[in-house]
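These values consider heavy atoms only, across backbone and side chains, with no hydrogens, waters or symmetry-generated copies.
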Amino acid sequence: MEIPGLVVHGESAPFSTALRSLINNPLYSDVRFVVGQERQEVFAHRCLLACRCNFFQRLLGPELGPGLPSPVVLSTVPAEAFLAVLEFLYTNSVKLHRHSVSPSGRRLGGEGGDGLRDKGNSLPFRQPPPLQVLEVLTAALEYGLEELRELCLEFVVKVLDVELVCEALQVAVTFGLGLLQERCIAFIEAHSQEALRTRGFLELSAPALLPLLRSDKLCVDEAELVLAARSWARVGAAVLERPVAEVAAPVVQELRLALLAPAELSALEEQNRQEPLIPVEQIVEAWKCHALRRGDAARGARCRRRRGTLPREHHRFLDLPFK
């Protein structure tokens, strides 16, 4: 009777170390990439990439031929993130960083919390450093690497903080990552004032900002939220070279102006004349709420109070409860 075979396993650490030594190693490499805006040259081994990832199997098909062909240009992925993807493909593991790290091991970018004020904006913001894990997550999504995607998502949720959360929300909205989006919104709801002062908030797209402005659970007063929305629109207007009101149009209707006291609403109206941000009709609806002093009027004027809404004398006329 034939004895069935037995699979035996050698030490995994030396095997992993040997494969790791091949990452970006020109020895025996048969494919070159030119990666990122910095156009960094990266060496790899076609057979390994092709058997590990369908994206590279299609990209590095037999039409490339033998030898070392012309480099494959991947300009949209940062070199650091691409090397992390290679590390995962070669070793099935990857060292993720919340922030980008320089070769010396020092974190790149500002330390945060410096209280800098963006010229021309109403709210101060902290300068965050580049966020390496989100770049790796984006690459994993683009290359269809499901396991790496899940590892990155798990890591992001674990290290989520004020400096990271708006960047993570943007990635979640862009790629339809519903669970991550929920986690980010819940975090911002609990740390609203801090999150509104980050550069990540100012760089959110309109689709990413909308669910925040629709939330009843933001721990911030409406007056601060109006300032934040104006700062956000100014940054977008400068980048897109479009008028502030045009940039703000998709989101500004979610501001609950009737929550503001009459003096605050008058000041906002005057500022709006100097720098149009909010449609006049929206301001008129807010004044209507004050004039009628009825909660049912406020319902149409988006006057539901948020968790962080500061009390004002006219709020006693609102029959809508806090959420």
Side-chain angles (χ1 to χ4, degrees), residues 5-109 129-159 167 171 175 177:
L6 177 66
V7 177
V8 295
H9 298 275
E11 293 291 332
S12 60
F15 178 76
S16 177
T17 300
L19 284 177
R20 192 180 301 275
S21 71
L22 294 177
I23 299 172
N24 196 21
N25 188 338
L27 183 66
Y28 307 126
S29 67
D30 56 0
V31 62
R32 286 182 299 153
F33 296 94
V34 174
V35 183
Q37 297 301 314
E38 61 272 41
R39 296 186 62 81
Q40 179 174 330
E41 187 175 46
V42 176
F43 297 91
H45 305 81
R46 184 166 57 181
C47 63
L48 195 150
L49 299 189
C51 73
R52 290 278 284 151
C53 176
N54 290 335
F55 171 85
F56 287 112
Q57 186 179 71
R58 294 190 299 270
L59 182 68
L60 307 175
E63 62 273 9
L64 286 181
L68 197 63
S70 300
V72 178
V73 178
L74 298 175
S75 59
T76 59
V77 58
E80 184 183 54
F82 186 73
L83 288 170
V85 168
L86 290 189
E87 181 183 358
F88 178 77
L89 293 178
Y90 277 70
T91 69
N92 210 41
S93 64
V94 62
K95 186 175 182 180
L96 296 173
H97 301 280
R98 180 191 170 278
H99 301 294
S100 287
V101 177
S102 70
S104 65
R106 297 180 58 191
R107 196 177 74 179
L108 299 178
L131 301 166
Q132 188 254 9
V133 64
L134 295 179
E135 294 167 348
V136 178
L137 173 58
T138 299
L141 290 163
E142 291 179 348
Y143 300 156
L145 296 169
E146 292 298 321
E147 188 177 3
L148 181 57
R149 166 186 177 271
E150 292 305 313
L151 291 173
C152 289
L153 286 173
E154 181 181 347
F155 183 83
V156 169
V157 170
K158 185 179 298 184
V159 301
E167 300 278 356
V171 172
F175 291 95
L177 305 174

Working to the nearest 0.5 Å, report the span between [atom1] of [X] and [atom2] of [Y].
| X | Y | atom1 | atom2 | answer |
| --- | --- | --- | --- | --- |
| L27 | H45 | CG | NE2 | 6.5 Å |
| L86 | F43 | CG | CZ | 12.5 Å |
| R52 | L145 | CZ | CG | 8.0 Å |
| L137 | L151 | CG | CG | 10.5 Å |
| Y143 | F88 | OH | CZ | 14.5 Å |
| Q40 | E80 | CD | CD | 10.0 Å |

Treating [X] as the side-chain partner and [Y] as the backbone partner, does any N or O pair qualify as donor plus acceptor under 3.5 Å?
| X | Y | result |
| --- | --- | --- |
| T91 | E87 | yes |
| Q37 | T76 | no |
| S16 | A13 | no |

Are more than 12 heavy atoms from other residues, nucleotides or ligands located less than 6.0 Å from atom [atom1] of [X]?
| X | atom1 | answer |
| --- | --- | --- |
| F15 | CZ | no |
| E11 | CD | no |
| R39 | CZ | no |

Measure across [X] and [Y] and return the closest heavy-atom pair with its distance rounded to 0.1 Å.
| X | Y | result |
| --- | --- | --- |
| L48 | L89 | CD2-O, 3.5 Å |
| R20 | S93 | NH2-OG, 3.4 Å |
| V31 | R46 | CG1-N, 4.0 Å |
| P78 | E38 | C-OE2, 4.4 Å |
| V35 | A79 | CG1-CA, 3.7 Å |
| S29 | A44 | CB-O, 3.2 Å |

Open item on the list: Is there a side-chain contact between V156 and V171 in this structure, where contact means two heavy atoms from C-beta onward sitting under 4.5 Å apart?
Closed with: no
Task: Among N25, L49, N24, V85, side-chain contact (heavy atoms from CB on, under 4.5 Å) partner for Y90 - done: L49
